Structure formats: structure tokens, C-alpha cells
Protein chains: 2
Amino acid sequence: MTPVSETNRRSVYGDAEARRRGTLDAAAALLDEGGYGALTIRAVAERAGTSTGLIYKYFADKHDIFVALLNESQVESAQFIAQLPRVDGVAPLLEAVIPESARQWSRVGRMTAVWREAVGSQQIERASVRELLATAEQYNAELERAVVEAADVEGRELVAGPAMIPFVLSGLRGVSDTLVNNWARHLDSAELISFTARAITRGITA
Amino acid sequence: MTPVSETNRRSVYGDAEARRRGTLDAAAALLDEGGYGALTIRAVAERAGTSTGLIYKYFADKHDIFVALLNESQVESAQFIAQLPRVDGVAPLLEAVIPESARQWSRVGRMTAVWREAVGSQQIERASVRELLATAEQYNAELERAVVEAADVEGRELVAGPAMIPFVLSGLRGVSDTLVNNWARHLDSAELISFTARAITRGITA
DNA sequence: ACCTGAACACCGTTCAAGT
DNA sequence: ACCTGAACACCGTTCAAGT
């Protein structure tokens, strides 16, 4: 039995789920092409072939579109990490994760302010935000598994403690921000990535 | 001789420089109180006791107000680092830097998107943006000096290379973002700060 | 010479009106 | 039942009009 949800419904007007998908694709494309300033509801509606009013049938507000994109971004990143080889150890694993992390950060990084307002208030009760928190947990778990397995392969002993994975995540976010916003303008990207992967590895090694 | 610049001039209407200062103070206060959403030109004008039109005599646009605040934030951070004690070594130094970094990041972090657009385009020619780049260099130099001196005190050998300080900066920005946006919700802040300070230190130790 | 605030072209969001 | 787009209350920015 196919469940009939609010957004999985066909009608003479077309497939509601397909339209939701198209709205998200349009938003992502606008974000990639023109940056945050290009992402307006009117532009999304025109690009997705729908109307401004209808977008609010699928998303509570513009905020909610961000949350959905952020969620997809985290799912993709988790899948990417899951399929990475562990055989070369922790540092090469991280070196492979950083560019993907930066790629996601370039689209999604600006949404941090939005996220903060969402989680700081009662909006945490929203289904979309609760889903996002669950996805973040999965991403963290996938990263932890990969790091632990890679350390195991090379016989590296990791420092214990609940802050280990949050530190790695912070490091990934920090270097992604540096790369995306070109903070280290006098430094080759590849060199920063390589150094960071090895430095984080030293940082979590007992 | 006091130089008479565009923004250092008295008149029957008052002190232009004082008004510029008041505009920045109003903007900072609004940002701290109500977040990004509360920062509107109309609100800044009302709070600073001026008018929307006059704000554009001191700042090219809203963008330019951000850049000025970011610049002041970097100057304050550089001064804070300059006066920190080195005698306890690198990890305690970083542990003292992180909360200050997070404090600045909470106000200024959301401006990253703005910064990116500024530096990515021709706007880099703007005087305010060139000033910001120079301030960033000074902040970096101050941090490097503090880290090198602290390592010297405890006889710690640092890894060489141009990526060392950018890695530390990335790490500080990453952990600040984690703290400000409460990404590590199940983890005590003090524990994350302490772990991060020690892990970054291990990361840059040869 | 300096300052104001109505006016302009947008924006996110809503909802009466259409199909 | 579903969809549209004019309308509303904003926003950043400008500039004719005031002092």
C-alpha cells in the first residue's frame, strides 16, 4: 500500500510530490548560480513552473525550503562518507571528506543564521526541523564510524571522549568556511586541505 | 594638525564622526539584541537618532555597515590576543582565545555571505574592504606571534609550513560556529573548548 | 550645506477569485 | 479541489524638498 500523504498525491493538475521536488531543485539551482541574493520566492516559482502561492502549500515559509535543502545536503554527505575507503587510514579519509564538505558548505553555509533562529525558538517542534536533527545525528554517526574504522586499519589509537567527533566536525566546518570564503588567499587550497587532514588526525590521536 | 576628512567634521548639526560612531553602535546593538532580522536601516536610523538618508552619507550601503563592524571586531580580537599570557603554553592560550572568538562570531558570523560577495567581485577595490583585508592580516599576525611565543615558552616544536596558522584559524572558526549555533547539543561547551584547544595544539605540534 | 522622509522598486506572505 | 497573482506590509535605497 502506498501511503497517501499531504505531498504524495496526484490530481488533474499533476503530481504534487513532483512539484515539491521541482521547487527544491529550482531553489538549489538559483542558490548555486546567483547565490543567496538570487533566491527569491518569485524566482523559485517561475523556475519551477508554479506560483508563489502554491509554494506555500508545500513549505511553511522560505525558511522551510532552506531546511529541506540542508537536510538533503546532509543525507548526501553521509552517503558520500559511507562509501569512502578506510584502508589508507584517517588522514586520507579526512582529505577526501574535506572537498565534499566544502562543496556542501558553499551552498548551505549561509543558512546557518536561519538554522540558528529555527533551533533557538519553538520552531524546533516543526517536523522539518526535527527531521533535520535526526539527519544530523546520522551524518555524525557515519563520520564517527568511518574515522574509527580507518583508525583501526592503521592501528591508530584515538583519544577517547564525547568531544572527539564534534571536534572533527568543527574542523571540517572551519576549513570548509576558509575554502569557500577564500580566507586564506595566499595559500594553495590543496596544501590547506592536506595539512588540515593531517593536523586533525594528530589532534584526535592519543 | 587634525586632518579634515569626509567623516571628521563639525557643523551646526553636530559632529559627523560622532554620528558615524552612533550609527555603528546602533547597528551592533540591534544585531546583539534581535539578530540579523532586527537589523534594518530604518531601525538603525531611529536608534541612532538620525535618518535613513543620512546613513548613506557615511556608508555606501548596508553592506558597508557590516564591513565596518567586522573590521572593528577583528581589531578587538587582535588586541585581546596581544594581551594574553603565553607562560602556560599553546593549549591554555587557545582555550582563552576560543570564547572570545565565539563571542565575535556570534555577531559577525552571519556576515560571511556578505563578505564573500564583496571579495568575490570588484568591490575589493572599495576602501572599506581593503581596510578589512589589512586588519585580517594583522589579526593573523597577532595570533601567529602568540602561538609561536607560547610554544617557545613550553619548548614545543611546531610543524612548519604556510598552512599552520590558517589551520588554527579554521579550527577557531569551526569551534566558534559549533558553539554559537549549538551544533553539539549533547556536549558541554567547556568540554568542547578544552578538547579543541588541546587537539589543535597536538595538530600543530611536530 | 546639511538633513529629512516620501517615493520607488523590490521582497515574503496571504487570500479572494478563478478554473 | 486546486491553483493563481494582485494586494499587503515590509525592505534597501534615492532624491526632491526643506532648514
Side-chain angles (χ1 to χ4, degrees), chain A residues 4-24 26-27 30-31 34-69 110-111 113-114 117-118 123 126 128, chain B residues 4-24 26-27 30-31 34-69 110-111 113-114 117-118 123 126 128:
Chain A
V4 179
S5 76
E6 185 84 28
T7 53
N8 183 12
R9 197 167 30 187
R10 290 178 151 281
S11 74
V12 290
Y13 304 98
D15 187 340
E17 178 57 31
R19 204 190 314 262
R20 196 192 129 92
R21 192 48 285 137
T23 302
L24 284 175
L30 286 165
L31 219 43
Y36 188 88
L39 187 63
T40 69
I41 297 289
R42 282 170 179 80
V44 171
E46 189 180 4
R47 184 157 190 146
T50 177
S51 67
T52 60
L54 194 51
I55 286 179
Y56 288 85
K57 258 224 99 187
Y58 305 116
F59 303 96
D61 47 28
K62 192 177 177 181
H63 193 138
D64 226 35
I65 301 178
F66 289 158
V67 173
L69 285 177
R110 304 103 176 289
M111 302 181 199
V114 173
E117 282 172 25
Q123 308 217 9
R126 266 195 200 178
S128 61
Chain B
V4 179
S5 75
E6 185 83 27
T7 53
N8 183 13
R9 194 168 31 187
R10 290 179 151 283
S11 75
V12 290
Y13 305 98
D15 187 340
E17 179 57 31
R19 204 190 312 260
R20 197 192 127 92
R21 193 47 286 136
T23 302
L24 283 176
L30 286 166
L31 219 43
Y36 187 88
L39 187 64
T40 69
I41 296 289
R42 282 170 179 80
V44 171
E46 189 180 4
R47 185 156 190 144
T50 178
S51 67
T52 61
L54 194 51
I55 285 179
Y56 288 85
K57 258 223 100 187
Y58 306 115
F59 302 96
D61 48 27
K62 191 176 177 180
H63 192 138
D64 226 35
I65 301 178
F66 289 158
V67 172
L69 286 177
R110 303 103 177 288
M111 303 181 199
V114 173
E117 282 172 25
Q123 307 216 9
R126 267 195 199 178
S128 60

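Just so you know, these numbers come straight off a predicted model, no measurement behind them. In what follows, every chain begins at residue 1, and chains take the letters A, B, ... in the order their sequences are listed.
- Atom-to-atom, CZ of B/R19 to C1' of C/dC3 comes out at 8 Å; the value is rounded to the nearest Å.
- Atoms CG and NZ, on A/L39 and A/K62 in that order, are 5.0 Å from each other to the nearest 0.5 Å.
- The side chain of A/T50 places an N or O atom within less than 4.0 Å of a non-bridging phosphate oxygen (OP1 or OP2) of D/dT4.
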Atom pairs and distances, donor-acceptor, side-chain atoms in residues 42-54 of chain A, under 3.5 Å, two or more places apart:
residue : atom : partner : partner atom : Å
A/R47   : NH1  : A/E33   : OE1          : 3.2
A/R47   : NH2  : A/E33   : OE2          : 2.8
A/S51   : OG   : A/L54   : N            : 3.4

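- Contact check for B/V67 versus B/R126: no side-chain heavy atoms found under the 4.5 Å cut-off.
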Go ahead and write out DNA chain C as dot-bracket, 5' to 3': ( ) for pairs within the strand, [ ] for ones crossing earlier pairs, | when the partner sits on another strand, dots for unpaired; Watson-Crick or G-U wobble, both distances under 3.5 Å.
-> ||.|||||...|||||.||
Taking it one step at a time, do A/I65 and A/I55 satisfy side-chain contact (heavy atoms from CB on, under 4.5 Å)?
-> CA-CA 9 Å; A/I65 301 178; A/I55 286 179; 4.1 Å; yes
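- When all heavy atoms of A/Y56 and A/D61 are compared, the closest pair comes out as CE2-CA, 3.9 Å.
- Judged as a side chain to side chain contact (heavy atoms under 4.5 Å, CB included), and not counting sequence neighbours, B/A38 has no contacts.
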What is the per-nucleotide protein-contact pattern of nucleotides 8-16 of chain D, from the 5' end, where B denotes a base atom under 4.0 Å from a protein heavy atom, S denotes such proximity for sugar-phosphate atoms only, and - denotes neither?
-> ---BBBBB-
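- Side-chain contact between A/F59 and A/L24 is present, with heavy atoms from C-beta onward closer than 4.5 Å.
- The distance between atom CD1 of B/I55 and atom C1' of C/dG5, rounded to the nearest whole Å, is 13 Å.
- Smallest separation of non-hydrogen atoms from B/R20 and B/Y58: NH1-O, 3.6 Å.
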